Amino acid sequence: MTEIEKQNKEKEKVVAEATVQIDQEGLPKTIVRRLVKEKLSQLSTDTDISLLRDSLLAFSESARLFIHYLSATANDICKESKRQTINAEDVFKALEEIEFPELIEPLKASLEGFREKNSKRKSASSKSPESNKKAKVKEPVENGKGKMKEQPLDNENEDAQAEEEVNEVEDTVDD
């Protein structure tokens, strides 16, 4: 085997390893494909554009790198403010700093819509008849130590889990 063939095999190995790493760290291909196709269909309504695998990988990797760059910049802004939690304003300032100010207004509108949707969902769930079921009497069960304790009703567990999920989403949005 010649020296050139050895170098080519090494290059192929490096490319294969990089592709595996991108696949593991990358965004879900189906979501990237859907987003790209939606945007392309908006731009060109007369033809159906297909995507090659390499172009899909390039879109996915570009988005991943953008997210890393944006999050690092937002993190720097957060640290300059002597905080440890990135909030939406940090992301807006980061977009301005990395020279993508045209994304700020659509992002603010999207974030506001998300907050409204969650607040409606949260208020609807607190007014629902499901939340009134908590007033029912709890059944005692043995706790394994020979003592009796009250067992929460199934809907209480579900309500608590739903409330935790809403709080997590709100914390993520607020951050």
Side-chain angles (χ1 to χ4, degrees), residues 10-45 49-128 130-131 134 152 156-175:
E10 284 185 34
K11 286 180 184 177
E12 289 174 8
K13 183 179 177 182
V14 169
V15 168
E17 288 174 359
T19 303
V20 168
Q21 182 179 3
I22 289 171
D23 285 344
Q24 291 173 347
E25 293 180 3
L27 300 170
K29 290 178 185 178
T30 54
I31 293 173
V32 173
R33 177 180 286 117
R34 180 175 43 88
L35 290 171
V36 171
K37 284 208 170 231
E38 281 176 8
K39 187 61 178 177
L40 292 176
S41 68
Q42 290 173 359
L43 297 173
S44 131
T45 57
I49 298 175
S50 60
L51 299 169
L52 294 176
R53 184 173 182 232
D54 288 346
S55 67
L56 193 58
L57 184 62
F59 279 118
S60 180
E61 184 64 5
S62 298
R64 188 182 71 81
L65 291 172
F66 179 76
I67 291 168
H68 280 259
Y69 185 49
L70 180 62
S71 61
T73 306
N75 186 51
D76 291 344
I77 291 168
C78 180
K79 287 188 182 216
E80 287 172 6
S81 300
K82 296 182 168 77
R83 291 180 286 110
Q84 293 183 347
T85 304
I86 298 171
N87 61 35
E89 282 301 315
D90 296 328
V91 177
F92 300 145
K93 289 176 186 173
L95 285 168
E96 185 78 37
E97 193 171 305
I98 64 173
E99 299 180 9
F100 282 96
E102 65 275 5
L103 298 179
I104 295 172
E105 286 308 312
L107 179 59
K108 283 182 178 180
S110 177
L111 184 58
E112 184 61 32
F114 177 79
R115 286 179 176 162
E116 285 178 16
K117 182 179 175 183
N118 275 344
S119 67
K120 287 178 185 176
R121 192 175 104 204
K122 189 174 181 179
S123 66
S125 69
S126 66
K127 293 178 182 177
S128 72
E130 290 289 316
S131 63
K134 289 182 182 179
E156 281 187 27
N157 290 336
E158 292 171 18
D159 289 346
Q161 288 173 347
E163 187 172 322
E164 284 178 21
E165 290 171 4
V166 168
N167 290 339
E168 287 174 13
V169 169
E170 288 176 347
D171 290 343
T172 304
V173 170
D174 291 340
D175 294 342

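Given the structure is predicted, the values throughout are model-derived calculations rather than measurements.
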What's the separation between atom [atom1] in [X] and atom [atom2] in [Y], rounded to the nearest 0.5 Å?
X: L103; Y: K108; atom1: CG; atom2: NZ; value: 12.5 Å
X: F100; Y: T73; atom1: CZ; atom2: OG1; value: 10.5 Å
X: S44; Y: K39; atom1: OG; atom2: NZ; value: 12.0 Å
X: K120; Y: S125; atom1: NZ; atom2: OG; value: 14.5 Å
X: D54; Y: L57; atom1: CG; atom2: CG; value: 6.5 Å
X: L107; Y: E105; atom1: CG; atom2: CD; value: 9.5 Å

Test your reading of the model: is there a side-chain donor-acceptor pair from S60 to the backbone of L56, 3.5 Å cut-off?
no
Quick check against the 3.5 Å criterion: does S41 have a side-chain atom that pairs as donor or acceptor with the backbone of K37?
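Yes.
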Any heavy-atom pair between the side chains of [Y] and [X] that's under 4.5 Å?
X: L40; Y: L51; answer: yes
X: N118; Y: K122; answer: no
X: R83; Y: K79; answer: no
X: K29; Y: R53; answer: yes
X: I77; Y: F92; answer: no

How close do [X] and [Y] get, heavy atom to heavy atom, and via which atoms?
X: F66; Y: I98; result: CE1-CD1, 3.9 Å
X: C78; Y: T85; result: SG-O, 3.2 Å
X: A94; Y: A74; result: CB-N, 3.6 Å
X: V32; Y: L27; result: CG2-CB, 3.8 Å
X: E102; Y: E99; result: OE1-O, 4.4 Å
X: P101; Y: E96; result: CB-OE1, 3.7 Å

Go through E38 and R34 one step at a time and tell me if the salt bridge (charged side-chain N to carboxylate O under 4.0 Å, His left out) criterion holds.
CA-CA 6 Å; E38 281 176 8; R34 180 175 43 88; 3.8 Å; yes
NZ/NE/NH1/NH2 to OD/OE distance under 4.0 Å, K93 and E97
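No, K93 and E97 are not salt-bridged.
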